[in-house]
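Worth knowing before you read on, the calculation uses all heavy atoms, side chains too, and leaves out hydrogens, waters and symmetry mates.
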Amino acid sequence: MQHITILTGAGISAESGLGTFRDEDGLWTQYDLSEVATPEGFARNPALVHEFYNARRANAFDASPNAAHEALARLEKDWPGTLMLVTQNVDDLHERAGSQNVVHMHGTLAGALCASCTYRWPAPRVMDHEAPCPKCTQPATRPDIVWFDEVPYRMNEIAETVARTDLFVSIGTSGEVYPAAGFVAEARNAGADTLEINLEASRTPGLFGRVIEGPASQTVPAWVDEVLRKG
Ligand code: OAD
């Protein structure tokens with residue numbers, strides 16, 4: 001086995017104290033997704049959207065990587081083949097655990113984006129819609145997050161990697177949101193082995209070749225040990 005592609009979701013950061021979206025008490029049970037995570041919601045009420053992401057940013061900055069993030073960083077360092085880590089998460093816990101090849105397909109809380117000219121710059125801890133863009137000076141600052149109805153980042157690169165991967169692993173994601181939810185079928189159709197690591201198997205039975213159930217901070221380090229032992 002040479003190439004491993006890993007897709008992570010909110011479940012990998014749950015034990016770092018960051019809320020998931022669709023679990024009981026998840027963020028989408030507390031907030032209306034269409035108000036805080038769509039371009040239309042932002043156009044209607046930018047202050048509410050900034051309030052939501054400022055809270056996410058504060059939580060993420062105060063959180064620490066857990067054993068699952070650390071195990072994936074160790075896998076990247078010690079794996080003799082190649083590895084791409086694609087995350088739907090907008091926190092930076094993978095990077096802070098030491099992962100280097102991380103693709104943030106849904107953007108990042110660490111970034112600001114000008115809704116007017118698309119210039120990007122490092123996010124302040126508290127972001128304000130009225131703050132002028134450093135480039136075009138328009139008061140159109142938004143978080144550099146991919147919202148529903150927007151196209152995730154680096155999709156060509158991800159598609160190429162998924163098509164040539166030997167093993168596709170999905171960790172801590174419900175598989176409810178496309179295009180990420182479709183990667184497993186693309187990998188399997190291209191001949192890859194597929195593995196889901198999640199608190200509970202999340203999807204259609206048989207979608208993944210293998211399922212490991214349990215909290216990520218325990219299951220992911222154990223799986224990484226297994227992979228590195230077998231080589
Ligand atoms: P979800 O909240 O949909 O799913 C989280 C998954 O993690 C669930 O399947 C849980 O069972 C699992 N989980 C919870 N705690 C866990 C633990 N300790 N160990 C392992 N697994 C655990 O989150 P995502 O699948 O990441 O997008 O959501 C996908 C996208 O939907 C997000 O990127 C976000 C959201 O709306 C945007 O905002 C654009």
Qualifying residue for side-chain contact (heavy atoms from CB on, under 4.5 Å) with Val220, from Ile6, Val169, Ile171: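 So the option named by the test is Ile171.
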Please name the residue in the list Val162, Thr194, Leu167, Leu83 that meets the side-chain contact (heavy atoms from CB on, under 4.5 Å) test with Thr5.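 Answer after filtering Val162, Thr194, Leu167, Leu83: Val162.
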Mind checking the [atom1]-[atom2] spacing from [X] to [Y]? Nearest 0.5 Å is all I need.
X	Y	atom1	atom2	value
Lys77	Ser99	NZ	OG	11.5 Å
Leu109	Asn54	CG	CG	9.5 Å
Tyr153	Thr108	OH	OG1	9.5 Å

Main-chain N/O of Leu207 paired with Arg188 side-chain donor or acceptor, under 3.5 Å: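 Checked: pair present.
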Main-chain N/O of Phe208 paired with Glu196 side-chain donor or acceptor, under 3.5 Å: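 No.
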Single-linkage hydrophobic cluster [X]~[Y], side-chain heavy atoms < 4.5 angstrom:
X	Y	answer
Met84	Leu228	no
Val177	Leu199	no
Ile4	Val224	yes
Leu113	Leu48	no
Val146	Leu85	no

May I ask you to check whether over 12 heavy atoms, not counting those of Gln30, lie within 6.0 Å of atom CD?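 Correct, the count exceeds 12.
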Exceeds 12 heavy-atom contacts within 6.0 angstrom, atom CG of Asn156: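 At most 12 heavy atoms, drawn from other residues, nucleotides or ligands, come within 6.0 Å of this atom.
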Compare every heavy atom of [Y] with every heavy atom of [X], then report the nearest pair and how far apart it is.
X	Y	answer
Leu18	Ala63	CD2-CB, 3.9 Å
Ala73	Gly98	CB-C, 3.7 Å
Leu72	Ile12	CD1-CD1, 3.7 Å
Gln88	Gly9	NE2-CA, 3.9 Å
Ala163	Ala190	O-CB, 3.4 Å

Going through the distances and angles, do Gln100 and Val102 end up as a side chain to side chain contact (heavy atoms under 4.5 Å, CB included)? CA-CA 6 Å; Gln100 301 199 337; Val102 185; over 6 Å; no
In chain order, what residues pass the side chain to side chain donor-acceptor pair (under 3.5 Å) check against Ser16, with sequence neighbours excluded?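 So Ser16 forms a side chain to side chain donor-acceptor pair (under 3.5 Å) with Asn66.
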Test side chain to side chain contact (heavy atoms under 4.5 Å, CB included) on Trp223 and Arg210; report intermediate values, then the result. CA-CA 12 Å; Trp223 170 71; Arg210 180 185 173 195; 4.3 Å; yes
Would you call the rings of Phe52 and Tyr31 parallel, tilted or perpendicular, where under 30° means parallel and over 60° means perpendicular?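 Answer is perpendicular, since the angle exceeds 60°.
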So His69 and His94, would you call those rings parallel, tilted or perpendicular, with 30° and 60° as cut-offs?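 His69 and His94: perpendicular rings.
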Is the shortest distance from a Lys or Arg side-chain nitrogen in [X] or [Y] to a carboxylate oxygen in the other one below 4.0 Å?
X	Y	value
Lys230	Glu226	yes
Glu35	Arg44	yes
Asp92	Arg96	yes
Arg142	Glu150	yes

Any donor-acceptor N or O pair under 3.5 Å, side chains Ser34, Glu40: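 Judged by distance alone, the side chains do not pair up.
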Glu15 and Ser217 side chains, donor-acceptor separation under 3.5 Å: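 On atom types as modelled, these side chains qualify, holding a pair under 3.5 Å.
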Find out whether [X] and [Y] are in side-chain contact, i.e. whether some heavy atom of one side chain is under 4.5 Å from a heavy atom of the other.
X	Y	answer
Arg56	Val90	no
Cys114	Trp121	yes
Met155	Met105	yes
Pro46	Val49	no

Give every residue pair that meets the salt bridge (Lys or Arg N to Asp or Glu O under 4.0 Å) criterion with at least one member in residues 107-125, sequence neighbours excluded.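 Passing the test, one end in residues 107-125: Asp62-Arg125, Arg120-Asp144.
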Criterion side chain to side chain donor-acceptor pair (under 3.5 Å) on Glu24 and Thr29, from CA distance to verdict: CA-CA 7 Å; Glu24 209 181 316; Thr29 66; over 6 Å; no
Side chain to side chain donor-acceptor pair (under 3.5 Å) between Thr8 and Thr87: does it pass, once the steps are laid out? CA-CA 5 Å; Thr8 62; Thr87 187; 2.7 Å; yes
Which is it for Asn89 and His106 under the side chain to side chain contact (heavy atoms under 4.5 Å, CB included) test, yes or no, and what are the steps along the way? CA-CA 7 Å; Asn89 297 345; His106 288 170; over 6 Å; no
Give the intermediate values and the outcome of side chain to side chain contact (heavy atoms under 4.5 Å, CB included) for residues Cys117 and Cys133. CA-CA 8 Å; Cys117 77; Cys133 165; 3.8 Å; yes
Between Phe42 and His50, does the ring centroid distance fall short of 6.0 Å?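 Distance test on ring centres: under 6.0 Å, yes.
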